[in-house]
2 protein chains.
Amino acid sequence: MPHTYKYPRPALTVDCVVFGLDRQHTLKVMLIQRKLSPFQGDWALPGGFVRMDESLEAAALRELCEETGIERLFLEQLYTFGAVNRDPRERVVTVAYYALINLEEHPVKAASDASDAAWFAIDALPSLAFDHDQILKIALDRLKAKVRYEPIGFELLPRKFTLFQLQRLYETVLGQELDKRNFRKKILNMGLLRELDERQQDVPHRAAKLYQFDEATYRQLREKGFNFEI
Amino acid sequence: MPHTYKYPRPALTVDCVVFGLDRQHTLKVMLIQRKLSPFQGDWALPGGFVRMDESLEAAALRELCEETGIERLFLEQLYTFGAVNRDPRERVVTVAYYALINLEEHPVKAASDASDAAWFAIDALPSLAFDHDQILKIALDRLKAKVRYEPIGFELLPRKFTLFQLQRLYETVLGQELDKRNFRKKILNMGLLRELDERQQDVPHRAAKLYQFDEATYRQLREKGFNFEI
DNA sequence: TCAAAAGTGTTTCTCCTACACCCATGT
DNA sequence: ACATGGGTGTAGGAGAAACACTTTTGA
């Protein structure tokens, strides 16, 4: 059933940059291998066309679920890319999102070899289809910037985590080492972590206390003008 | 000449939130009165359809120029709004931009009564067409946040300005008073202002020195890791 | 002479930084 | 025993905040 309009319209898609942190503390991105031309065989960001009955965010969530099985995650709009020739076939405007998930609690389809999806360390990326290199770079810049002044890093960790895991997360994302004592002081002084009555298990060294991000307290503090900052 | 596609496509528009600062130090937004249904007679953000041969930013610049005569300004993508029913006629996705101009050096069409455009103080806005209230609120939030950590405030001032004008700009945008001595110390210590051999003219009090934002120095400092912050 | 803004320093306090050692646990 | 991370305090310095008066100019 064809659809006719008085003026030509660009196609509209969503693309997602999904970041995850693995146990070796490397930051990874999920990519999908293209089965069709153009860029057949190349790796690309997961994404697809926006349907008429779904919002942009709903489209992004749907695509992620279809292609990777991921259901609940942090998702935020990144930027909209609309260069005239970014797709060689026709004019396609894409609304890019970025997502954060923790790989330990949500092993995704990408892990199974039945899938055409895979995780790549951000410092060992293949070259990507379309302008997806550019989108990925902007997503990474945004992540690095935002992780400093909003508590989104927790989305990359399991719900219960140790202070050292958190520190390594920041070291990984920001690309710089942090002082252990200063980091612990700073993060604990914010009062955003609830200390649990639990410890790590099965680690080959002294087991660390587990903490949990206290979302409710964070919202309260925000209203009083508090600003998260690492 | 009709255009036919296999699947339906949303219409794609750009909308612009144009901020300006007037001599009375109030922050204003430029709005356009709609001549056509829906929301006939209501005020709305300037904007229009994206053409097939222009990028999103080019579309925003073109619309601004057509509707307001503004040519050179600071323009940055804000967010893309894609709720299914944001336009009562059909599905329309809009890429919103926000712009900063200084009203003194660029009197715009809106000032002439031949135009359907007008400036409104941001604390005395009419209700707007479509979801433009929401877009405007998000633009204002972004401006308030961004003005603190990027030197975009200068875009709202004449090229040559006094320290007090700059201070009032921040007080206006941030909605809080600042200490004069501390403000001057901080801003001058950054080394981003070039002091000119000129002073204000025709003011009913002692004439202040004029300064100018030093873009080149700012770029150099940025590369060395400097971060602007008020 | 009055009104309006220009211009200027010091003290206090808070927060960031740098820095090193012992402890607990599993192999 | 050893390797690995867990866990802790203090001193010094930089920068933020608080704060008031004199000067210049035009009306």
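Below, read A as the first sequence line, B as the second, and so on, with proteins coming before strands; counting in each chain starts at 1. Computed from a predicted model, the values in this text were never measured in an experiment.
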On DNA chain C, check which nucleotide each of B:H205 and A:D179 is closest to and give me the residue with the more 5' one. B:H205

According to a strict under-4.0 Å criterion, is A:R168 in side-chain N/O contact with OP1 or OP2 of D:dG6? no

Counting distance alone, no hydrogens or angles: does the base of D:dG15 have a donor or acceptor under 3.5 Å from a partner atom on the side chain of B:K186? no

How long is the line joining CG of B:N182 and C1' of C:dG7, in whole Å? 14 Å

To the nearest angstrom, the CD1-P distance between B:I187 and D:dA17 comes to 14 Å

Give a yes or no on whether a donor-acceptor pair under 3.5 Å exists between the nucleobase atoms of D:dG7, that is its base, and the side chain of A:K209. no

Pair A:E76, A:Y97: side-chain N/O donor-acceptor within cut-off below 3.5 Å: no

Expressed as a whole number of angstroms, how long is the span from A:E229:CD to C:dT17:P? 10 Å

What I want to check is whether an N or O donor and acceptor connect the side chain of A:R181 with the base of C:dA20 at under 3.5 Å. yes

Candidate nucleotides C:dG7, D:dA17, D:dG7, ranked by approach to the side chain of A:R206 - the nearest: D:dG7

Rounded to whole Å, how long is the line connecting atom CG of B:N189 with atom P of C:dT8? 13 Å

For the rings on A:F226 and A:F228, is their centre-to-centre separation under 6.0 Å? no

Expressed in angstrom and rounded to an integer, what is the separation of A:Q165 atom CD from D:dG5 atom C1'? 12 Å

At less than 3.5 Å, do the side-chain atoms of B:K185 and the base atoms of C:dT10 form a donor-acceptor pair? yes

Atom-pair distance (CG on A:L178; C1' on C:dT17), nearest Å: 12 Å

Rounded distance in Å - CD (B:Q176) to P (D:dA18): 11 Å

For B:D202 and D:dT24, what is the distance between atoms CG and P respectively, to the nearest whole Å? 20 Å

Would you please confirm or rule out a distance under 4.0 Å between OP1 or OP2 of C:dG9 and any side-chain N or O of B:R184? no

Both A:F164 and B:V203 contact DNA chain D. Which one's nearest nucleotide lies toward the 5' end? A:F164

Gap between atom CD of A:E229 and atom NZ of A:K186 - 0.5 Å precision: 6.0 Å

Would A:F161 and A:Y211 count as a close aromatic pair, with their ring centres under 6.0 Å? no

Inspect the contact between A:R34 and A:D42 and indicate whether a charged nitrogen and a carboxylate oxygen are less than 4.0 angstrom apart. no

